[in-house]
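Inspection log for the structure reproduced underneath, given as structure tokens.
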Amino acid sequence: MNTDTFREFGFALVVIAAAAVFGAMVESGALRDGLIRLCCLGLFAASLNLLVGYTGMLSFGHAMFFGLGAYTFCILMQGGHLNIPLAAMATVIVVCVAALLVGMVCVRLSHVYFAFITLAMQMLFFSLLIAWSGLTGGEQGLIGGLPKPAFFGIDLSNPMQFFVFNVVVLVASLLILRRIVASPFGAALRMVRDNPQRAAFLGVDVPRTKLTAFVIASAFAGVAGILMSLYVSGAYPNFAYWTMSAEGLFMIMLGGIHSLLGPVVGAGLLLVIEILVNTYTHHHGLIIGLVILFVALGLRKGVLDFAAETVRHRRSGPVEAAIEAPQTAGAARRASQGGQP
């Protein structure tokens, strides 16, 4: 393990320890619930960004796997035959198999057709959720609560432990995604994103690389769906509706596509905007539209990308000035000498 890996693990442990201390000290259930939602939505947006930001695959149907994860986990837990870890592992396997089947159809298509075929698949799955009411509960979803038996000494019915559990899952997932994008496979993803023809010429199997990224991203979306089903003690059709995918794309655009933390920041900003809008006005669509216009036309990049670029320019400014100063002085001296060296 190199220095960067140790630094990332150390930062992850600090975040988890801070979350544990915060969870023990905070008394506001609303604040804790908001942060749990941030964990769920932030992981969903980060998984989508593996496709959008790192592979160049714009998916309009990513919420299908978020909803599939929530429904599969909820059905397994309400059956009462599995504990939480086994139900979660079974859910991830189901999501991966579904993503493999869908991805084999989608990844060979061009950008526009890929986006719309994923949307079509999502709407087909949403219609199935509504029609198969005997299993999914139809339009009402899977209500009636979700059992949360303790496992490995962890009691998810305890609000503080449930909050820390969500933070641990989010941090661990981001750490795994970080290792993926920093690996040679991550370099292959960026090659496919920037120039698929050149990547194929250099020996990269472009369809297989895209399919692998599609399955990995879907698996983490399924994990986010598991967290959301535990949070709401059920599963609902809007988890798999097209607006959920649109929210994921908006989180990425709001936070930034050039880092894994950008979508998490975007999810936090979106939650804050929704709270403010619902508190002070009923014009939800108008405010969200204005925010989109500001980010797209004003910043022209996500908030975290904009902040990182600003810091990078400020740090490089003095260095560039020091490099350019002797060149400028030399040019001025040559000019005063009539252009002679």
When clusters are formed by joining ILVMFWY residues with side-chain heavy atoms under 4.5 Å apart, either directly or through shared neighbours, do Val232 and Phe165 land in the same one?
-> yes
Glu247 versus Glu274: any side-chain heavy-atom pair under 4.5 Å?
-> yes
same_hphob_cluster(Val206, Leu189) at 4.5 Å side-chain heavy-atom cutoff | no
Separation of Leu230 CG from Met77 CE (nearest 0.5 Å) = 7.5 Å
Find the distance between OG1 (Thr91) and OH (Tyr71) and round it off to the nearest 0.5 Å.
-> 14.0 Å
Results of ring-ring contact (aromatic ring centres under 6.0 Å, His included) for Tyr113 - residues two or more places apart only = none
Non-hydrogen side-chain atoms of Ile216 and Phe185 separated by less than 4.5 Å = yes
Do Val265 and Val15 belong to the same hydrophobic cluster, where Ile, Leu, Val, Met, Phe, Trp and Tyr are linked whenever their side-chain heavy atoms lie under 4.5 Å apart, directly or via other members?
-> yes
Flag side-chain contact, heavy atom, 4.5 Å: Asn166 against Phe163 = no
Kindly indicate whether a cation-pi arrangement holds for Lys148 with Phe162, taking the cut-offs as under 6.0 Å to the six-membered ring centre and within 45° of the axis.
-> yes
Between Gln122 and Ser245, is there a donor-acceptor pair closer than 3.5 Å when you use the side chain of the first and the backbone of the second?
-> no
Does any non-hydrogen side-chain atom of Cys74 lie less than 4.5 Å from one of Gln78?
-> yes
Roughly how far, to the nearest 0.5 Å, is CG of Asp305 from NE2 of His258?
-> 5.0 Å
So do Phe114 and Val105 actually touch side chain to side chain, heavy atoms under 4.5 Å?
-> no
So, do Phe65 and Phe214 have ring centers that fall under 6.0 Å from each other?
-> yes
Return yes if some donor-acceptor pair links the side-chain N/O of Thr118 with the main-chain N/O of Ala115 below 3.5 Å, else return no.
-> yes
Euclidean distance, Leu38 CG relative to Met251 CE, rounded to 0.5 Å | 9.0 Å
Look at the side-chain heavy atoms of Ile, Leu, Val, Met, Phe, Trp and Tyr, link any pair under 4.5 Å apart, and say whether Trp132 and Leu142 land in one connected group.
-> yes
Name all residues meeting the ring-ring contact (aromatic ring centres under 6.0 Å, His included) criterion together with Tyr241; count only those two or more places apart in sequence or in a different chain, and write none if there are none.
-> Phe126
Side chain Arg193, main chain Met57, donor-acceptor under 3.5 Å = no
Worked verdict on Phe66 versus Met244 for side chain to side chain contact (heavy atoms under 4.5 Å, CB included) = CA-CA 9 Å; Phe66 181 81; Met244 188 67 193; 3.8 Å; yes
For residues Leu76 and Ala90, report the shortest heavy-atom separation together with the two atoms involved.
-> CD1-CB, 3.8 Å
Quick one: do Leu276 and Leu254 end up in the same hydrophobic cluster if we chain Ile, Leu, Val, Met, Phe, Trp and Tyr together by side-chain heavy atoms under 4.5 Å apart?
-> no
Under 3.5 Å: donor-acceptor pair, side chain of Thr136, backbone of Leu129 | yes
CG (Leu269) and CG (Leu304) are apart, to the nearest 0.5 Å, by 9.5 Å
Indicate the atoms forming the closest heavy-atom contact of Val92 with Ala219, along with that distance.
-> CG1-CB, 4.3 Å
Count the heavy atoms of every other residue, nucleotide or ligand shown that sit under 6.0 Å from CZ of Phe22, and state whether that count exceeds 12.
-> yes
For the residue pair Met64 and Met121, establish whether any side-chain heavy-atom pair is separated by less than 4.5 Å.
-> yes
For Ala213 and Thr55, the nearest pair of non-hydrogen atoms, with its separation, is CB-OG1, 3.8 Å
Under 4.5 Å between any side-chain heavy atoms of Ile288 and Leu270, yes or no?
-> yes
Heavy-atom closest contact (Pro237 atom, Gly138 atom, distance) = CG-O, 3.4 Å
Mind checking the CG-CG spacing from Leu290 to Leu286? Nearest 0.5 Å is all I need.
-> 4.5 Å
Grab the two heavy atoms, one from Ile226 and one from Gly69, that are nearest each other, plus how far apart they are.
-> CG1-O, 4.0 Å
Which is it for Gln161 and Leu156 under the side chain to side chain contact (heavy atoms under 4.5 Å, CB included) test, yes or no, and what are the steps along the way?
-> CA-CA 6 Å; Gln161 293 189 32; Leu156 297 185; 5.5 Å; no
Taking every non-hydrogen atom, the tightest pair across Ala12 and Val171 = CB-CG1, 3.4 Å
Report yes if some heavy atom in the side chain of Phe306 is under 4.5 Å from a heavy atom in the side chain of Val295; otherwise report no.
-> no
Evaluate side chain to side chain contact (heavy atoms under 4.5 Å, CB included) for Tyr54 paired with Ile180, printing each intermediate quantity in order.
-> CA-CA 11 Å; Tyr54 289 93; Ile180 290 174; over 6 Å; no
Please table the atom pairs, donor to acceptor, closer than 3.5 Å between any side-chain atom in residues 40-52 and protein atoms at least two apart or in another chain.
| unit_1 | atom_1 | unit_2 | atom_2 | d |
| --- | --- | --- | --- | --- |
| Ser47 | OG | Leu43 | O | 3.4 |
| Ser47 | OG | Phe44 | O | 2.6 |
| Ser47 | OG | His62 | NE2 | 3.0 |
| Asn49 | OD1 | Gly53 | N | 3.4 |
| Asn49 | ND2 | Ile257 | O | 3.3 |
| Asn49 | ND2 | Ser259 | O | 3.4 |

Starting from the C-alpha separation in whole Å, work towards a yes-or-no answer on side chain to side chain contact (heavy atoms under 4.5 Å, CB included) for Leu58 and Leu249.
-> CA-CA 9 Å; Leu58 180 60; Leu249 292 171; 3.6 Å; yes
